[in-house]
Amino acid sequence: MKRILKTTLLILLAFLLLSCGKQNNTINVTDEGNVVVSRNVFVSEANGSVYVTHSEGDKIDAYEGMSLKDGDDVVVSSGSTLTLDIDSDKHLFADENTHFCVSVEGSEGNTKTIIHLIEGSVLCDINEKLKDGEIFDIQTSSSTLSVRGTVFRVCLLQGKDNSVFNLVEVYDGKVLSNLENSEDSLSLEPGQCALIRENNNDDSKTASFVLAEDIDANFISETGLNISLDQTEDGKKGTFKLSLDNASTETLSRLVAIIDEGTELAVEKEQIQEVKEKMETNKEEPVKVQGKEEVKIEKEEKAEESKAKVEINCNHLNYEKILVDNGSCIREGKIHEVCKDCGYVTVINTGLNPYVHERQTTYYDAPSCTSSYRLQYILCDDCGAIIDEQWAGPHVDRDGDSICDECGASLSN
């Protein structure tokens, strides 16, 4: 009887311990059904719209203190950010428009954390050097970034024709970049970054590091990337000097916070603040819209002026943003930056339409109109682009002439 009572108490005690464990922000990693290690992965900060989809299919809004599970799918929407704490000494900051999956596995002293980055950018801050047997990787479809203890950022850039580039930036420590399906790798030091091209058009080819000498005006034009990278002094393939041009103001703020916490980065706090202030100023600068003829005349005038001025090695710092209404720039989200000093023109592909369309309703005698209903096109007041279309209701023939008074469609059929 005592043995039965003792066994029952042990079972109850084990059940209580397991129940308490479920209340903590932990991920329990199992080995043949036995819990061997607990991993802490939880949301320390979520701003805006951030969604987590569990492997069972449940989709919920992320919240502070939320525990993440192995296999969770995370989406950070536009205008939103997310910060994760992993095992208390690893931090991941996800910028807006970012999509990734979390994978944790292993046993005590042999843990593996993998962030599968699908879209967007993440900034990682690994406070303590990883122990032997510990793995922390960022994986994309073309590369694996392995670290020991460092601060680095991975950003997926969308180029023309659905081409994808991986930009890897190292602020502290070292990052080993390995290309998928290839033995090619690159070790990045603090202050260095690398650009990796995904070869999506040919399955027989693996991804490749972009050479420094390939980053020129033609490369920018052909790929549609808005990047500014300089070759490092040692001239290694695919290795560039660190640039802050591609970071968002939120990422820059995070870098400043890391410095304030005591980590010495390869970039100075003052430099970060300067870039951040410039970006915020440019955001507030109003965008001017010009027509085709106006742009053509201004370009000719600027070209004449720039012949003499360009010889003074202009830094193109005094510029204005112009959204050109040339039939494609508005709809493709391209902004022209024109230097006021020398007339130098830079075309920036934002990836998004920066122009806020003013809505205007117009009715058309369109082929889509039926004998009973008319089609309503929603146009932009300024550029004439079709924003939307919808059925607007039945035709109206008040004077009985068999022609719709609203859209002009013939009702004789």
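Since we're looking at a predicted model, the values are computed, not measured.
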Start with the C-alpha distance between Thr140 and His116, add both sets of side-chain angles, then the distance that settles side-chain contact (heavy atoms from CB on, under 4.5 Å), and finish with yes or no. CA-CA 6 Å; Thr140 70; His116 303 272; over 6 Å; no

If only atom types and distance count, is the side chain of [X] paired as donor or acceptor with the main-chain N or O of [Y] below 3.5 Å?
X      : Y      : value
Ser163 : Lys160 : yes
Gln192 : Glu189 : yes
Glu134 : Lys131 : yes
Glu96  : Gly79  : yes
Thr249 : Lys276 : no
Ser187 : Leu176 : no
Thr98  : Asp95  : yes

Rounded to the nearest 0.5 Å, how far does [atom2] of [Y] lie from [atom1] of [X]?
X      : Y      : atom1 : atom2 : value
Ser44  : Leu84  : OG    : CG    : 7.0 Å
Leu252 : Arg254 : CG    : CZ    : 13.0 Å
Ile135 : Lys112 : CD1   : NZ    : 4.5 Å
Leu92  : Thr83  : CG    : OG1   : 8.0 Å
Ile196 : Ser177 : CD1   : OG    : 3.5 Å
Asn166 : Leu145 : CG    : CG    : 7.5 Å

Contact between [X] and [Y] at the side-chain level, heavy atoms closer than 4.5 Å - yes or no?
X      : Y      : answer
Ser80  : Asn47  : no
Ile60  : Thr53  : no
Ser77  : Val50  : no
His54  : Val52  : yes
Tyr51  : Asp61  : yes
Ile227 : Phe165 : no
Leu179 : Leu186 : no
Ser146 : Val175 : no

Is there a side-chain contact (heavy atoms from CB on, under 4.5 Å) between Phe100 and Val75 once you walk through the steps? CA-CA 7 Å; Phe100 64 89; Val75 174; over 6 Å; no

Applying side-chain contact (heavy atoms from CB on, under 4.5 Å) to Leu82 and Val74, what does each step give before you reach the verdict? CA-CA 10 Å; Leu82 171 73; Val74 183; 3.6 Å; yes

Side-chain ion pair, [X] and [Y], N-O less than 4.0 Å:
X      : Y      : value
Lys69  : Glu56  : yes
Asp260 : Lys269 : yes
Asp184 : Lys237 : yes
Lys90  : Asp87  : yes

Heavy-atom closest contact ([X] atom, [Y] atom, distance):
X      : Y      : result
Leu130 : Val147 : CD1-O, 3.3 Å
Val210 : Ile215 : CG1-CD1, 3.8 Å
Asn97  : Glu119 : O-CG, 3.8 Å
Phe136 : Cys124 : CE2-SG, 4.0 Å
Leu225 : Phe219 : CD1-CE2, 4.3 Å
Phe209 : Gly238 : CB-CA, 4.2 Å

Kindly check if the number of other-residue, nucleotide or ligand heavy atoms within 6.0 Å of CD (Gln273) is above 12? yes

A quick test of your reading: do over 12 heavy atoms of other residues, nucleotides or ligands sit less than 6.0 Å from CD of Glu264? no

Is a donor from one side chain sitting under 3.5 angstrom from an acceptor on the other, for Glu180 and Ser141? no

Please determine, by modelled atom types, if Ser55 and Asp72 share a side-chain donor-acceptor pair under 3.5 angstrom. no

Any chance you could lay out the side-chain contact (heavy atoms from CB on, under 4.5 Å) test for Leu244 and Gln271, step after step, and finish with the verdict? CA-CA 9 Å; Leu244 298 173; Gln271 181 184 353; 4.3 Å; yes

Matching residue for His99 among Val76, Leu117, Asp73 - test: side-chain contact (heavy atoms from CB on, under 4.5 Å): Asp73

